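A short worksheet on the structure shown next.
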Amino acid sequence: MRALAVNCGSSSVKFALVDTASGERLLTGVEEIAAGAHAATLDAVVERLAGEAEIARGLDGIGHRVVHGGETFRESVLIDEHVMASIEAASPMAPLHNPINRQGIRRFEQAFPGKPQVAVFDTAFHQTLPPRAYLYALPRELHRKHGVRRYGFHGTSHRYLAQEAVRRFDLPEKTSRVVTAHLGNGCSTAAVLGGRSIETSMGFSPLEGLVMGTRSGDIDPGLHAYLARHLGLDVDGVTEILNRESGLLGLSGLSGDMRQLEAAEAEGNADAALAIEIFGYRLARQVAGLQVPLGGLDALVFGGGIGENSPRVRARVLEWLAPLGFVLDEQANASHGENENGRIGQGGPPFAGVVPTDEEFLIALDTARVLGD
Ligand code: ADP
(Lines give C-alpha, C1' and ligand atoms only; values in the text may rest on other atoms or scores of the structure.)
Protein backbone atom coordinates (compact mmCIF):
# COMPACT_ATOMS: atom_id res chain seq x y z
CA MET A 1 0.00 0.00 0.00
CA ARG A 2 1.08 3.56 -0.67
CA ALA A 3 0.38 5.75 2.33
CA LEU A 4 1.06 9.44 2.66
CA ALA A 5 1.99 10.55 6.19
CA VAL A 6 1.29 14.16 7.05
CA ASN A 7 2.76 15.72 10.18
CA CYS A 8 1.22 19.13 10.44
CA GLY A 9 2.98 20.93 13.29
CA SER A 10 3.01 24.50 14.49
CA SER A 11 6.33 25.33 12.82
CA SER A 12 6.45 22.95 9.85
CA VAL A 13 4.50 20.51 7.71
CA LYS A 14 6.42 17.28 7.17
CA PHE A 15 5.27 14.57 4.81
CA ALA A 16 6.39 11.19 3.57
CA LEU A 17 5.02 8.87 0.93
CA VAL A 18 5.77 5.32 1.97
CA ASP A 19 5.40 1.98 0.24
CA THR A 20 4.31 0.21 3.40
CA ALA A 21 5.02 -3.30 2.11
CA SER A 22 8.69 -2.62 1.37
CA GLY A 23 9.13 0.24 3.85
CA GLU A 24 10.56 2.37 1.05
CA ARG A 25 10.13 6.15 1.30
CA LEU A 26 9.09 7.19 -2.16
CA LEU A 27 9.08 10.88 -1.29
CA THR A 28 9.75 12.95 1.80
CA GLY A 29 9.59 16.66 2.39
CA VAL A 30 9.26 19.43 4.90
CA GLU A 31 7.80 22.88 4.45
CA GLU A 32 8.61 25.47 7.10
CA ILE A 33 5.70 27.64 8.19
CA ALA A 34 6.36 31.37 8.30
CA ALA A 35 4.55 33.20 11.11
CA GLY A 36 0.82 33.23 10.49
CA ALA A 37 1.13 31.61 7.07
CA HIS A 38 -0.30 28.28 8.06
CA ALA A 39 -3.05 27.98 5.49
CA ALA A 40 -0.74 29.12 2.70
CA THR A 41 1.88 26.53 3.68
CA LEU A 42 -0.73 23.79 3.70
CA ASP A 43 -1.89 24.89 0.26
CA ALA A 44 1.67 24.77 -1.04
CA VAL A 45 2.19 21.22 0.27
CA VAL A 46 -1.14 20.00 -1.06
CA GLU A 47 -0.58 21.58 -4.45
CA ARG A 48 2.86 20.06 -4.71
CA LEU A 49 1.57 16.59 -3.84
CA ALA A 50 -1.60 16.79 -5.91
CA GLY A 51 0.46 18.22 -8.77
CA GLU A 52 2.57 15.11 -8.95
CA ALA A 53 0.14 12.98 -10.91
CA GLU A 54 1.97 9.82 -9.98
CA ILE A 55 1.29 10.49 -6.30
CA ALA A 56 -2.33 11.46 -6.73
CA ARG A 57 -2.97 8.31 -8.73
CA GLY A 58 -1.04 5.78 -6.71
CA LEU A 59 -2.13 6.88 -3.26
CA ASP A 60 -4.14 4.45 -1.13
CA GLY A 61 -4.58 6.50 2.02
CA ILE A 62 -3.43 9.51 4.01
CA GLY A 63 -2.37 9.41 7.66
CA HIS A 64 -2.38 12.55 9.80
CA ARG A 65 -0.61 13.20 13.04
CA VAL A 66 -3.17 14.59 15.49
CA VAL A 67 -1.82 15.87 18.78
CA HIS A 68 -4.68 15.32 21.20
CA GLY A 69 -7.09 12.41 21.18
CA GLY A 70 -8.33 12.92 24.73
CA GLU A 71 -9.44 9.71 26.42
CA THR A 72 -11.40 8.68 23.34
CA PHE A 73 -8.62 7.32 21.18
CA ARG A 74 -6.33 4.52 22.29
CA GLU A 75 -5.13 3.85 18.76
CA SER A 76 -5.16 5.18 15.23
CA VAL A 77 -8.57 5.40 13.53
CA LEU A 78 -10.21 5.96 10.17
CA ILE A 79 -11.37 9.57 10.04
CA ASP A 80 -15.08 10.27 9.65
CA GLU A 81 -17.22 13.18 10.82
CA HIS A 82 -17.60 11.62 14.24
CA VAL A 83 -13.80 11.46 14.63
CA MET A 84 -13.50 15.05 13.40
CA ALA A 85 -15.98 16.11 16.10
CA SER A 86 -13.95 14.27 18.75
CA ILE A 87 -10.76 16.01 17.59
CA GLU A 88 -12.60 19.30 17.91
CA ALA A 89 -13.88 18.33 21.35
CA ALA A 90 -10.27 17.84 22.49
CA SER A 91 -9.20 21.20 21.02
CA PRO A 92 -9.52 23.22 24.24
CA MET A 93 -6.81 20.93 25.69
CA ALA A 94 -4.51 21.46 22.68
CA PRO A 95 -5.49 24.88 21.33
CA LEU A 96 -2.26 25.34 19.38
CA HIS A 97 -2.39 21.97 17.68
CA ASN A 98 -5.75 20.26 17.21
CA PRO A 99 -7.32 23.10 15.18
CA ILE A 100 -4.28 23.06 12.89
CA ASN A 101 -4.52 19.28 12.55
CA ARG A 102 -8.22 19.54 11.65
CA GLN A 103 -7.43 22.18 9.08
CA GLY A 104 -4.82 19.88 7.53
CA ILE A 105 -7.27 16.98 7.33
CA ARG A 106 -9.93 19.16 5.65
CA ARG A 107 -7.45 20.53 3.15
CA PHE A 108 -6.29 17.04 2.12
CA GLU A 109 -9.90 15.88 1.94
CA GLN A 110 -10.59 18.60 -0.63
CA ALA A 111 -7.45 17.88 -2.62
CA PHE A 112 -7.84 14.09 -2.61
CA PRO A 113 -11.61 13.53 -2.52
CA GLY A 114 -12.65 10.05 -1.48
CA LYS A 115 -9.17 9.00 -0.29
CA PRO A 116 -9.43 7.40 3.14
CA GLN A 117 -7.73 9.39 5.89
CA VAL A 118 -6.44 8.07 9.20
CA ALA A 119 -5.75 9.96 12.45
CA VAL A 120 -2.65 8.96 14.44
CA PHE A 121 -2.75 10.53 17.89
CA ASP A 122 0.23 11.72 19.95
CA THR A 123 -1.66 10.81 23.10
CA ALA A 124 -2.87 7.34 22.07
CA PHE A 125 0.27 5.40 22.98
CA HIS A 126 0.07 6.68 26.55
CA GLN A 127 -3.55 5.63 27.07
CA THR A 128 -2.14 2.46 28.67
CA LEU A 129 -0.88 4.47 31.67
CA PRO A 130 -2.49 3.15 34.86
CA PRO A 131 -4.55 5.58 36.99
CA ARG A 132 -1.72 5.88 39.52
CA ALA A 133 0.38 7.39 36.75
CA TYR A 134 -2.19 9.51 34.96
CA LEU A 135 -4.09 11.07 37.87
CA TYR A 136 -2.95 14.29 39.49
CA ALA A 137 -3.58 14.60 43.21
CA LEU A 138 -6.49 16.94 42.54
CA PRO A 139 -10.19 16.60 43.31
CA ARG A 140 -11.31 13.56 41.34
CA GLU A 141 -14.21 15.39 39.75
CA LEU A 142 -11.75 17.57 37.83
CA HIS A 143 -10.86 14.41 35.96
CA ARG A 144 -14.37 13.03 35.69
CA LYS A 145 -16.04 16.25 34.61
CA HIS A 146 -13.26 18.17 32.92
CA GLY A 147 -10.77 15.61 31.65
CA VAL A 148 -8.00 16.93 33.88
CA ARG A 149 -5.35 14.19 33.95
CA ARG A 150 -1.96 13.40 32.49
CA TYR A 151 -2.16 12.44 28.80
CA GLY A 152 1.43 12.48 27.59
CA PHE A 153 2.54 13.38 24.06
CA HIS A 154 5.11 12.41 21.39
CA GLY A 155 3.42 8.99 21.52
CA THR A 156 4.23 8.07 17.94
CA SER A 157 7.90 8.82 18.47
CA HIS A 158 8.06 6.91 21.77
CA ARG A 159 6.31 3.93 20.17
CA TYR A 160 8.77 3.96 17.29
CA LEU A 161 11.82 4.32 19.55
CA ALA A 162 10.67 1.50 21.82
CA GLN A 163 9.89 -0.85 18.93
CA GLU A 164 13.24 -0.15 17.34
CA ALA A 165 15.04 -0.69 20.65
CA VAL A 166 13.51 -4.15 20.99
CA ARG A 167 14.40 -5.00 17.40
CA ARG A 168 17.91 -3.53 17.27
CA PHE A 169 19.05 -4.54 20.73
CA ASP A 170 17.39 -7.93 20.65
CA LEU A 171 15.34 -7.35 23.80
CA PRO A 172 12.55 -9.70 24.87
CA GLU A 173 9.36 -8.35 23.28
CA LYS A 174 6.98 -9.06 26.16
CA THR A 175 9.14 -8.09 29.14
CA SER A 176 11.56 -5.44 27.85
CA ARG A 177 11.98 -2.43 30.16
CA VAL A 178 12.83 0.53 27.98
CA VAL A 179 13.03 4.26 28.66
CA THR A 180 12.64 6.33 25.53
CA ALA A 181 13.86 9.93 25.52
CA HIS A 182 12.45 12.06 22.71
CA LEU A 183 14.61 15.19 22.74
CA GLY A 184 13.67 17.73 20.10
CA ASN A 185 12.40 21.26 20.61
CA GLY A 186 9.84 19.60 22.84
CA CYS A 187 11.24 16.86 25.08
CA SER A 188 9.71 13.93 26.91
CA THR A 189 10.51 10.50 28.29
CA ALA A 190 8.40 7.37 28.41
CA ALA A 191 8.68 4.15 30.39
CA VAL A 192 7.75 1.33 28.02
CA LEU A 193 7.18 -2.14 29.47
CA GLY A 194 6.81 -4.93 26.91
CA GLY A 195 5.85 -2.36 24.26
CA ARG A 196 3.25 -0.54 26.41
CA SER A 197 3.72 2.96 27.77
CA ILE A 198 3.22 2.93 31.54
CA GLU A 199 4.64 6.34 32.48
CA THR A 200 5.68 9.49 30.68
CA SER A 201 7.02 12.91 31.61
CA MET A 202 4.52 15.14 29.82
CA GLY A 203 1.13 15.54 31.41
CA PHE A 204 -2.11 17.42 30.76
CA SER A 205 -0.20 19.61 28.34
CA PRO A 206 3.22 19.35 26.68
CA LEU A 207 4.57 21.73 29.31
CA GLU A 208 5.13 19.22 32.11
CA GLY A 209 8.36 17.34 32.69
CA LEU A 210 11.77 17.94 31.16
CA VAL A 211 13.54 21.20 30.37
CA MET A 212 12.82 21.92 26.67
CA GLY A 213 13.90 24.42 24.05
CA THR A 214 11.64 27.22 25.25
CA ARG A 215 9.36 25.40 27.74
CA SER A 216 10.06 25.29 31.45
CA GLY A 217 9.00 21.71 32.17
CA ASP A 218 8.17 21.05 35.84
CA ILE A 219 7.89 24.09 38.08
CA ASP A 220 6.13 24.83 41.33
CA PRO A 221 2.44 25.33 40.49
CA GLY A 222 2.50 28.10 43.08
CA LEU A 223 4.52 30.18 40.64
CA HIS A 224 1.51 30.90 38.46
CA ALA A 225 -0.22 33.04 41.06
CA TYR A 226 3.03 34.63 42.22
CA LEU A 227 4.16 35.62 38.72
CA ALA A 228 0.69 36.89 37.82
CA ARG A 229 0.50 39.11 40.89
CA HIS A 230 4.10 40.13 41.00
CA LEU A 231 4.50 40.95 37.32
CA GLY A 232 0.94 42.15 36.79
CA LEU A 233 0.26 39.48 34.18
CA ASP A 234 -2.91 37.60 33.33
CA VAL A 235 -2.97 33.81 32.96
CA ASP A 236 -2.07 33.99 29.28
CA GLY A 237 0.91 36.20 30.08
CA VAL A 238 2.29 33.68 32.56
CA THR A 239 1.64 30.81 30.17
CA GLU A 240 3.52 32.67 27.45
CA ILE A 241 6.60 32.93 29.68
CA LEU A 242 6.47 29.23 30.57
CA ASN A 243 5.95 28.10 26.97
CA ARG A 244 8.02 30.46 24.91
CA GLU A 245 10.57 32.24 27.05
CA SER A 246 11.79 29.50 29.39
CA GLY A 247 13.71 26.23 29.08
CA LEU A 248 17.10 26.38 27.38
CA LEU A 249 16.28 29.82 26.00
CA GLY A 250 15.33 31.28 29.37
CA LEU A 251 18.27 29.74 31.21
CA SER A 252 20.90 30.74 28.66
CA GLY A 253 19.41 34.07 27.67
CA LEU A 254 20.78 33.14 24.28
CA SER A 255 18.91 30.46 22.41
CA GLY A 256 16.57 27.50 22.77
CA ASP A 257 18.56 25.61 20.19
CA MET A 258 20.97 23.03 21.58
CA ARG A 259 23.39 23.29 18.69
CA GLN A 260 23.83 27.01 19.30
CA LEU A 261 24.25 26.47 23.02
CA GLU A 262 26.93 23.86 22.50
CA ALA A 263 28.78 26.26 20.21
CA ALA A 264 28.48 29.05 22.80
CA GLU A 265 29.64 26.75 25.58
CA ALA A 266 32.69 25.82 23.55
CA GLU A 267 33.51 29.52 23.36
CA GLY A 268 33.31 29.82 27.12
CA ASN A 269 29.74 31.07 27.61
CA ALA A 270 28.93 30.07 31.21
CA ASP A 271 25.16 30.61 30.90
CA ALA A 272 25.00 28.30 27.90
CA ALA A 273 27.00 25.69 29.83
CA LEU A 274 24.65 25.95 32.81
CA ALA A 275 21.57 25.61 30.58
CA ILE A 276 23.00 22.38 29.09
CA GLU A 277 23.92 21.14 32.55
CA ILE A 278 20.39 21.66 33.90
CA PHE A 279 18.92 20.04 30.79
CA GLY A 280 21.02 16.89 31.34
CA TYR A 281 20.56 16.82 35.08
CA ARG A 282 16.78 17.00 34.90
CA LEU A 283 16.67 14.37 32.18
CA ALA A 284 18.88 12.00 34.19
CA ARG A 285 16.61 12.44 37.24
CA GLN A 286 13.58 11.57 35.13
CA VAL A 287 15.23 8.46 33.67
CA ALA A 288 16.31 7.23 37.09
CA GLY A 289 12.78 7.75 38.41
CA LEU A 290 11.33 5.62 35.65
CA GLN A 291 13.03 2.57 37.11
CA VAL A 292 10.24 2.52 39.68
CA PRO A 293 7.32 1.82 37.34
CA LEU A 294 9.48 -0.46 35.15
CA GLY A 295 10.93 -2.43 38.05
CA GLY A 296 14.42 -1.99 36.58
CA LEU A 297 15.81 -0.89 33.28
CA ASP A 298 17.19 -2.67 30.20
CA ALA A 299 17.77 0.15 27.76
CA LEU A 300 17.65 3.92 27.48
CA VAL A 301 17.03 5.13 23.96
CA PHE A 302 17.82 8.65 22.74
CA GLY A 303 15.87 10.09 19.81
CA GLY A 304 14.85 13.49 18.38
CA GLY A 305 17.18 16.25 17.14
CA ILE A 306 19.16 16.50 20.39
CA GLY A 307 19.00 12.81 21.29
CA GLU A 308 20.23 11.72 17.89
CA ASN A 309 22.90 14.36 17.34
CA SER A 310 24.39 15.47 20.63
CA PRO A 311 27.15 13.24 22.07
CA ARG A 312 27.68 16.05 24.60
CA VAL A 313 24.21 15.74 26.13
CA ARG A 314 24.13 11.93 25.99
CA ALA A 315 27.52 11.64 27.66
CA ARG A 316 26.51 13.96 30.51
CA VAL A 317 23.23 12.14 31.10
CA LEU A 318 24.97 8.77 31.18
CA GLU A 319 27.58 10.16 33.54
CA TRP A 320 24.78 11.04 35.96
CA LEU A 321 23.29 7.60 35.45
CA ALA A 322 26.52 5.68 36.14
CA PRO A 323 25.24 4.58 39.59
CA LEU A 324 22.48 2.69 37.77
CA GLY A 325 25.11 0.66 35.91
CA PHE A 326 25.34 2.57 32.63
CA VAL A 327 28.78 2.48 31.01
CA LEU A 328 29.35 4.89 28.15
CA ASP A 329 31.32 3.81 25.09
CA GLU A 330 32.85 7.14 24.12
CA GLN A 331 33.79 6.16 20.60
CA ALA A 332 30.37 4.72 19.85
CA ASN A 333 28.78 7.83 21.37
CA ALA A 334 30.87 10.12 19.18
CA SER A 335 29.56 8.36 16.07
CA HIS A 336 25.97 8.12 17.42
CA GLY A 337 26.28 4.35 17.67
CA GLU A 338 26.61 4.14 13.91
CA ASN A 339 28.62 0.93 13.78
CA GLU A 340 26.96 -0.65 16.81
CA ASN A 341 23.39 -0.70 15.55
CA GLY A 342 22.78 2.34 17.74
CA ARG A 343 24.39 1.13 20.96
CA ILE A 344 26.54 3.67 22.74
CA GLY A 345 27.05 1.72 25.96
CA GLN A 346 29.14 -1.25 26.92
CA GLY A 347 27.83 -4.26 28.77
CA GLY A 348 24.51 -4.06 30.50
CA PRO A 349 21.64 -4.16 30.79
CA PRO A 350 21.19 -1.36 31.34
CA PHE A 351 22.79 0.19 28.29
CA ALA A 352 22.03 3.19 26.13
CA GLY A 353 21.38 3.57 22.42
CA VAL A 354 20.56 6.09 19.73
CA VAL A 355 17.62 5.55 17.39
CA PRO A 356 16.74 8.11 14.72
CA THR A 357 13.03 8.58 15.28
CA ASP A 358 10.68 8.37 12.32
CA GLU A 359 7.16 9.45 13.15
CA GLU A 360 6.13 9.75 9.51
CA PHE A 361 7.10 6.14 8.85
CA LEU A 362 4.98 4.89 11.73
CA ILE A 363 2.06 7.12 10.68
CA ALA A 364 2.22 5.51 7.23
CA LEU A 365 2.34 1.99 8.70
CA ASP A 366 -0.63 2.76 10.96
CA THR A 367 -2.53 4.12 7.99
CA ALA A 368 -1.98 0.88 6.09
CA ARG A 369 -2.99 -1.18 9.11
CA VAL A 370 -6.19 0.77 9.76
CA LEU A 371 -7.08 0.51 6.07
CA GLY A 372 -6.73 -3.24 6.34
CA ASP A 373 -3.45 -3.85 4.58
P1 ADP B 1 11.33 19.30 16.54
O2 ADP B 1 10.97 18.91 17.92
O3 ADP B 1 10.89 20.69 16.20
O4 ADP B 1 11.00 18.26 15.49
P5 ADP B 1 14.08 18.41 16.29
O6 ADP B 1 13.74 17.01 16.65
O7 ADP B 1 14.60 18.67 14.92
O8 ADP B 1 12.92 19.44 16.57
O9 ADP B 1 15.18 18.90 17.37
C10 ADP B 1 15.65 20.21 17.38
C11 ADP B 1 16.76 20.29 18.40
O12 ADP B 1 17.82 19.40 18.04
C13 ADP B 1 17.38 21.68 18.49
O14 ADP B 1 17.64 22.02 19.84
C15 ADP B 1 18.68 21.48 17.75
O16 ADP B 1 19.68 22.40 18.14
C17 ADP B 1 19.03 20.09 18.17
N18 ADP B 1 20.09 19.56 17.32
C19 ADP B 1 20.04 19.26 16.00
N20 ADP B 1 21.25 18.87 15.57
C21 ADP B 1 22.10 18.94 16.62
C22 ADP B 1 23.50 18.68 16.82
N23 ADP B 1 24.27 18.28 15.82
N24 ADP B 1 24.01 18.84 18.04
C25 ADP B 1 23.24 19.25 19.08
N26 ADP B 1 21.91 19.52 18.96
C27 ADP B 1 21.35 19.37 17.74
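As the structure is a computational prediction, the values presented were derived from the model and not from experiment. Whatever order the structure lists them in is the order used to number ligands and atoms, beginning at 1.
Shortest contact from atom 8 (O) of ligand 1 to any protein heavy atom: N185 ND2, 3.3 Å. Of the protein's heavy atoms, I306 CG1, 3.6 Å lies nearest to atom 17 (C) of ligand 1. D257 OD1, 2.6 Å is the protein heavy atom nearest to atom 16 (O) of ligand 1. Looking at atom 27 (C) of ligand 1, its nearest protein heavy atom turns out to be G305 O, 3.8 Å. Annotation: atom 23 (N) of ligand 1 to nearest protein heavy atom, N309 CB, 3.4 Å. What sits closest to atom 14 (O) of ligand 1 on the protein, heavy atoms only, is M258 N, 3.0 Å.
In summary, the side chains of E262 and S310 do present a donor paired with an acceptor at a separation below 3.5 Å, with no hydrogens or angles considered. H336 and R314 share a donor-acceptor pair across their side chains, judged by distance under 3.5 Å alone. Defined by atom type and a distance below 3.5 Å, a donor-acceptor pair is missing between the side-chain atoms of T200 and H154. Defined by atom type and a distance below 3.5 Å, a donor-acceptor pair is present between the side-chain atoms of S157 and T357. For the residue pair Y134 and E71, no side-chain donor N or O sits within less than 3.5 Å of a side-chain acceptor on the partner. A donor-acceptor contact under 3.5 angstrom links the side chains of H126 and S197, judged on distance only.
A donor-acceptor pair is defined here as one N or O able to donate and one able to accept, closer than 3.5 Å; no such pair exists between the side chain of R2 and the backbone of L17. Here the side chain of N98 pairs a donor or acceptor atom with the backbone of H68 at under 3.5 angstrom.
Every atom of ligand 1 with a heavy atom of K14 under 4.0 Å away is listed here by number and element: 4 (O). Close contacts between ligand 1 and S310 involve ligand atoms 25 (C) [criterion: under 4.0 Å to a heavy atom]. Under a 4.0 Å criterion applied to the non-hydrogen atoms of E262, ligand 1 contributes the atoms 25 (C).
Remark: ligand 1 and Q260 share no N or O pair separated by less than 3.5 Å (distance only, no angle test). Looking at ligand 1, you won't find any N or O of G184 less than 3.5 Å from one of its N or O atoms. Taking only nitrogen or oxygen atoms, main chain and side chain alike, L183 does not reach within less than 3.5 Å of ligand 1.
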